[in-house]
**Q** 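Have a look at the structure that comes next, please.
Numbers restart at 1 for each chain; the letters A, B, ... are given by sequence-line order, proteins then strands.
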Amino acid sequence: MDLVRDKVAGALHDALQQAKQKGLLTIEPFPIVSLDLPKRPEWGDLATTVAMTLASAEKRSPHDVAQIILDNLSSHTAVFDRVEIARPGFLNMTIKRNLWLEVLSEIAAQGQAYGRCDLGQGRRVLVEFVSANPTGPLHVGHGRGAAVGQALSNLLRAAGYDVVTEYYVNDAGRQMKLLGASVYARYLERHGRPVTFPEDGYRGSYIVQVADLVQERLGPVLLDLPAEQAEERCREMAAEHMLELIRQDLARFGVAFDSWFSEASLVNTGLVERVLDELRTRGLLFEEEGALWFRSSAFGDDKDRVVRKREGEWTYLASDIAYHRDKLMRRYDLLVDVWGADHHGYIGRMEATVQAYGHPKERLRVVLVQMVNLLRGGKKVEMSKRAGEFITMREVMDEVGADAAKFFFLMRRSDSHLDFDLDLAKQQSAENPVYYVQYAHARLSSVFRIAEERGIPVPQPHEANLDLLRDPDELSLIRKLSDYPSVVQGSAAALEPHRITFYLQELAGLLHTFYYKHRIMPVVVEDEPSEDRFATAGERVIKQRESVTPELTAARLVMMQQVQQVIKNGLSLLGISAPDRM
RNA sequence: GCGCCUGUAGCUCAGUGGAUAGAGCAUCAGCCUCCGGAGCUGAGGGCCACAGGUUCAAAUCCUGUCAGGCGCACCA
């Protein structure tokens, strides 16, 4: 919680406590005091609905309850300028300006740490994301998953969690076999051998490239091997190659993982069998029609699920159960899985798994990432995975850059469809929200550069007379800065990084408005216009003539430094750079 | 047929049970002798899909209906 909210909540808490002691209110149980930002300026800086929520239990009108709270609040003159009761029973509070100004010192003192909180209390959380099969290059959807996963990890870390990121590599099973077979087929084609391409094989052009690579490294030796062995060689080389490409793409995107976890390692070490034995001894597995089933319906899943097929092969679910069991054994307090939305049917299964091992289902939180529609020239770019025609993450990065891509991926709630306008993302103007926010940061860097050139010092908060900051535009900026820690906390708690993008756009907007209407440093040359040609231009006259004293410049520079700090902190949560020049 | 998600301004979307529902884009009307115009100001635009219910209070919670998306494999 932020500085101002903290004090206000404390004051309200005291008032309620006092009223209770005096027997004016029973207050049982003690309510959570909500603090909302009112929509209209005349409703003050903060509002609480606590009187209305208490009213029915107290058997009094909301207004009466509000009055009692107000009466017991009067001692807190250091916090409130004015507290008013509004219609049903809102308490509208106007906060002392001094308290708002303290926010600036707070930010200056905390710097990069401003916005962090202890929501997580050091609890260990594993964030698993991307986890794309190494059967091809990452596509746009994976890019969104990467952006969301990274932002979530940063957010949780800022909220006091001990975060580890992990990529689960699906390097076992049918898809990998198909990959090997597809590459082998292209390899044979290259040598003019007759082939029938595998029915569900991978048809992308990158498969041909892998086949070329195989040829380059091994030459024609595979032609003499039995098909099965040759395919396996192809599979190994292809998997290795693909994973390397994926790593490179992610690195260029600025996303690194603490850990890469191989599915094959689960199968090969026999962990899958051991883990399932554990379930069997607890009566959670049963055989039917020759297959082995997991009784997931006992834990709220729609139906039971097969873990071993009649032919004796493990299903994908089996290794996923083992994988999640392994994560739980690694003693994480919270598992966050970022999945493509088309996997949503899987949630019930995994929740059942977590519960089957004796954990509450809340220990697993699945964040679904919806599809991305790419738009170019206002038209949807068609993609077909089957034909191997899809826009890769690399292409998007090449076209718009990693920063813009991340910002766009994080502009919407992750579980809603995203229209990604490639033309807009490249555009360098106010219509492009990425530039809008980054520009605010660069603009301030420029201000500080010019201050330096002119020999104007940028003071520490205690060196400036912050009391000079009293313009409404200044106060709305400061209030916004003050709100930042609450936004971070809410965003982390809800696992919704898009809230940060919205916040940053709002903050940048306030900065740009302020910047246009006011001056930070005095005009260098005060040329008197010979005739007052701006006399009719309304607002502009104000700006032209706003005289800025050195003291006001100092105060505003302090404020601007904190604005810049918060923009930087926010962008860094999103994994986006905060440029000094653009 | 069953399940999950989504229906909010022309478009894309925010909106932690609270007051007269917001933003960006688009449209229209304006603004550069000035620290970066990559910017700013203003206007119009809404039966929050529909119908019930819970509540002092519903876009928000519940039920139903309609529409869209996605799942419903001994695929991954």
**Q** Any strand counts, and the cut-off is 3.5 Å on both contacts for Watson-Crick or G-U wobble. Which nucleotide pairs with G7(B)?
**A**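 Paired with G7(B), as far as the under-3.5 Å criterion goes, is C66(B).
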
**Q** Please determine whether a side-chain nitrogen or oxygen atom of Lys309(A) lies at a distance below 4.0 Å from atom OP1 or OP2 of C75(B).
**A** yes

**Q** For Ile520(A), which contact category applies under a 4.0 Å heavy-atom criterion: base, sugar-phosphate, or nothing?
**A** base

**Q** Touch check for Arg310(A), heavy atoms < 4.0 angstrom, all strands: base, sugar-phosphate only, or nothing?
**A**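 If one applies the 4.0 Å heavy-atom cut-off, Arg310(A) turns out to touch a base.
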
**Q** Quote, to the nearest angstrom, the P distance that separates A21(B) from G46(B).
**A** 12 Å

**Q** Check the chi torsion on C32(B) and let me know: syn if it falls within 90° of 0, anti if not.
**A**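 Base orientation relative to the sugar is syn.
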
**Q** Could you report the tightest heavy-atom contact between Tyr167(A) and Val130(A), atom names first, then the distance?
**A** CE1-CG1, 3.5 Å

**Q** Applying the 5.5 Å / 30° rule, does Phe90(A) stack onto the base of A19(B)?
**A** yes

**Q** Is there a side-chain polar atom (N or O) of Thr513(A) under 4.0 Å from OP1 or OP2 of U41(B)?
**A** yes

**Q** To the nearest Å, give me how far apart CG (Asp415(A)) and P (G15(B)) are.
**A**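 After rounding, the gap between these two atoms is 10 Å.
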
**Q** When both hydrogen-bonding distances must be under 3.5 Å and the geometry is Watson-Crick or G-U wobble, what is G71(B) paired with, if anything?
**A** C2(B)

**Q** Check every strand shown and say whether Gln370(A) touches a base, only sugar-phosphate, or nothing at a heavy-atom separation below 4.0 Å.
**A** nothing

**Q** Are more than 12 heavy atoms, taken from residues, nucleotides or ligands other than Glu199(A), located less than 6.0 Å from that residue's CD atom?
**A**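 For Glu199(A), atom CD is not crowded (no more than 12 foreign heavy atoms under 6.0 Å).
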
**Q** With rounding to whole Å, what would you report as the distance between U60(B) and G7(B) at their C1' atoms?
**A**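 Taking atom C1' in both U60(B) and G7(B), they lie 14 Å apart.
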
**Q** His343(A) near the nucleic acid: base, sugar-phosphate alone, or nothing, with a heavy-atom cut-off under 4.0 Å?
**A**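 Base, at least one base heavy atom under 4.0 Å.
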
**Q** If you find the nucleotide of RNA chain B closest to Asn170(A) and the one closest to Pro62(A), which residue's nucleotide is nearer the 5' end?
**A**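 Its nucleotide being nearer the 5' end, the pick is Pro62(A).
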
**Q** Using whole Å, report how far CG of Asp301(A) lies from P of A73(B).
**A**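 Computing the Asp301(A):CG to A73(B):P distance gives 12 Å.
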
**Q** Would you indicate which nucleotide in C35(B), C75(B), C40(B) comes nearest to any side-chain atom of Tyr516(A)?
**A** C40(B)

**Q** Mind checking the P distance from A9(B) to G24(B)? Whole angstroms is fine.
**A**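 About 16 Å, rounded to a whole number of Å.
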
**Q** Any strand counts, and the cut-off is 3.5 Å on both contacts for Watson-Crick or G-U wobble. Which nucleotide pairs with G22(B)?
**A**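 Pairing partner, where one exists within any strand: C13(B).
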
**Q** Tyr439(A) has an atom OH; how far is it from atom P of G37(B), in whole Å?
**A** 5 Å

**Q** NA contact type, His344(A), heavy-atom cut-off 4.0 Å: base, sugar-phosphate, or nothing?
**A**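 Base: the residue His344(A), judged by heavy atoms under 4.0 Å, touches a nucleobase.
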
**Q** Does Asn92(A) make a side-chain donor-acceptor contact with the base of A19(B), cut-off 3.5 Å?
**A** yes

**Q** Does the distance from a Lys or Arg side-chain N to an Asp or Glu carboxylate O, for Asp337(A) and Arg365(A), drop under 4.0 Å?
**A**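 Salt bridge absent between Asp337(A) and Arg365(A).
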
**Q** Scan every strand shown for a Watson-Crick or G-U wobble partner of U27(B), both distances under 3.5 Å, and answer none if you come up empty.
**A**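 Looking at the geometry, U27(B) pairs with A43(B).
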
**Q** Please report, rounded to the nearest Å, how far the C1' atom of A73(B) is from the CZ atom of Phe294(A).
**A**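 Interatomic distance, CZ of Phe294(A) to C1' of A73(B): 18 Å.
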
**Q** Quick test of the criterion, 5.5 Å between centres and less than 30° between planes. Is Phe502(A) stacked on A23(B) or not?
**A**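 According to the criterion (under 5.5 Å, under 30°), no, Phe502(A) does not stack.
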
**Q** For C61(B), what is the paired nucleotide under Watson-Crick or G-U wobble rules, both distances under 3.5 Å?
**A** G53(B)

**Q** What's the CD-P distance between Glu199(A) and A76(B), to the nearest Å?
**A** 16 Å

**Q** Under 4.0 Å from OP1 or OP2 of U6(B): is there any side-chain N or O of Arg413(A) that close?
**A** yes

**Q** Is the shortest side-chain N to carboxylate O distance from Asp419(A) to Arg412(A) below 4.0 Å?
**A** no

**Q** Does Ser446(A) reach a base, just sugar-phosphate, or nothing at all? Heavy atoms under 4.0 Å.
**A** base

**Q** Determine the Euclidean distance between corresponding P atoms of C11(B) and U27(B); express it in Å to zero decimal places.
**A** 15 Å

**Q** Could you tell me how far C61(B) sits from G17(B) if I compare only their P atoms? Round to whole Å.
**A**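 Their P atoms lie roughly 8 Å apart.
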
**Q** Considering the options Asp483(A), Asp36(A), Asp45(A), which one meets the salt bridge (charged side-chain N to carboxylate O under 4.0 Å, His left out) requirement together with Arg5(A)?
**A**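 Among the candidates, only Asp483(A) passes.
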
**Q** What orientation do Tyr323(A) and Phe261(A) show, parallel under 30°, tilted 30 to 60°, or perpendicular over 60°?
**A**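 The rings of Tyr323(A) and Phe261(A) sit tilted, inter-plane angle from 30° to 60°.
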
**Q** What interatomic distance, in whole Å, is found between P of A29(B) and the corresponding atom of U20(B)?
**A** 34 Å

**Q** How many whole angstroms separate atom CG of Asp36(A) from atom C1' of G17(B)?
**A**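 From Asp36(A) CG to G17(B) C1': 10 Å.
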
**Q** Of the options A19(B), C75(B), C35(B), whose atoms approach the side-chain atoms of Arg519(A) most closely?
**A**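 Selected nucleotide (nearest to the side chain): C35(B).
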
**Q** Would you call Glu313(A) and Arg308(A) a salt bridge, using N to O less than 4.0 angstrom?
**A** no

**Q** Looking at the rings of Phe420(A) and Phe409(A), which for Trp means the six-membered one, are their centres under 6.0 Å apart?
**A** yes

**Q** If the P atom of G10(B) is compared with that of C66(B), how far apart are they to the nearest Å?
**A**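 Going atom to atom, P in each nucleotide, I get 26 Å.
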
**Q** Is Arg305(A) salt-bridged to Asp301(A), going by a charged N under 4.0 Å from an acidic O?
**A**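 Salt bridge flag = yes for Asp301(A) with Arg305(A).
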
**Q** Can you check the Leu410(A) CG to G24(B) C1' distance for me, whole Å?
**A**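 So the CG-C1' distance, Leu410(A) to G24(B), works out to 17 Å.
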
**Q** To the side chain of Asp302(A), which of G3(B), C74(B), A19(B) is closest?
**A** G3(B)

**Q** What is the nucleic acid contact for Ala291(A), judged by heavy atoms within less than 4.0 Å: base, sugar-phosphate only, or nothing?
**A** base

**Q** Using only side-chain N and O atoms of Arg443(A), determine if any of them is under 4.0 Å from OP1 or OP2 of G37(B).
**A** yes

**Q** Select from Arg40(A) and Tyr346(A) the residue whose nearest nucleotide in RNA chain B is closer to the 5' end of that strand.
**A**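 Final value for this comparison: Arg40(A).
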
**Q** Which value, in whole Å, describes the distance between the C1' atoms of nucleotides G15(B) and C72(B)?
**A**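 Between the two C1' atoms, the distance is 32 Å.
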
**Q** Asp421(A) has an atom CG; how far is it from atom P of C13(B), in whole Å?
**A** 12 Å

**Q** Under 4.0 angstrom, heavy atoms only, what part of the nucleic acid is Ser56(A) near: base, sugar-phosphate, or nothing?
**A** nothing

**Q** Suppose we define a pair by two distances each less than 3.5 Å, Watson-Crick or G-U wobble; what does C48(B) pair with here?
**A**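 Across any shown strand, C48(B) pairs with none.
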
**Q** If you look at every strand shown and take non-hydrogen atoms under 4.0 Å, does Ala493(A) touch a base, only sugar-phosphate, or nothing?
**A**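 Touches nothing.
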
**Q** Whether Tyr436(A) contacts C40(B) is assessed here as follows: a side-chain N or O lying under 4.0 Å from the phosphate OP1 or OP2. Is that the case?
**A** yes

**Q** Which part of the nucleic acid, if any, lies within contact of Arg305(A), taking any heavy atom under 4.0 Å across all strands shown: a base, the sugar-phosphate backbone alone, or nothing?
**A**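 Counting heavy atoms under 4.0 Å across all strands, no contact is made by Arg305(A).
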
**Q** Does His498(A) put a side-chain nitrogen or oxygen below 4.0 Å from OP1 or OP2 of G15(B)?
**A**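 Result: yes.
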
**Q** Describe the nucleic acid contact of Ser416(A) in one word from base, sugar-phosphate, nothing, applying a heavy-atom distance below 4.0 Å.
**A** sugar-phosphate

**Q** My understanding is that a pair needs two contacts under 3.5 Å, Watson-Crick or G-U wobble. By that rule, which nucleotide pairs with G37(B)?
**A** none

**Q** Give a yes or no on whether a salt bridge exists between Arg499(A) and Glu496(A), defined as a side-chain N under 4.0 angstrom from a carboxylate O.
**A**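 Counted as a salt bridge, because a side-chain N and a carboxylate O are separated by less than 4.0 Å.
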
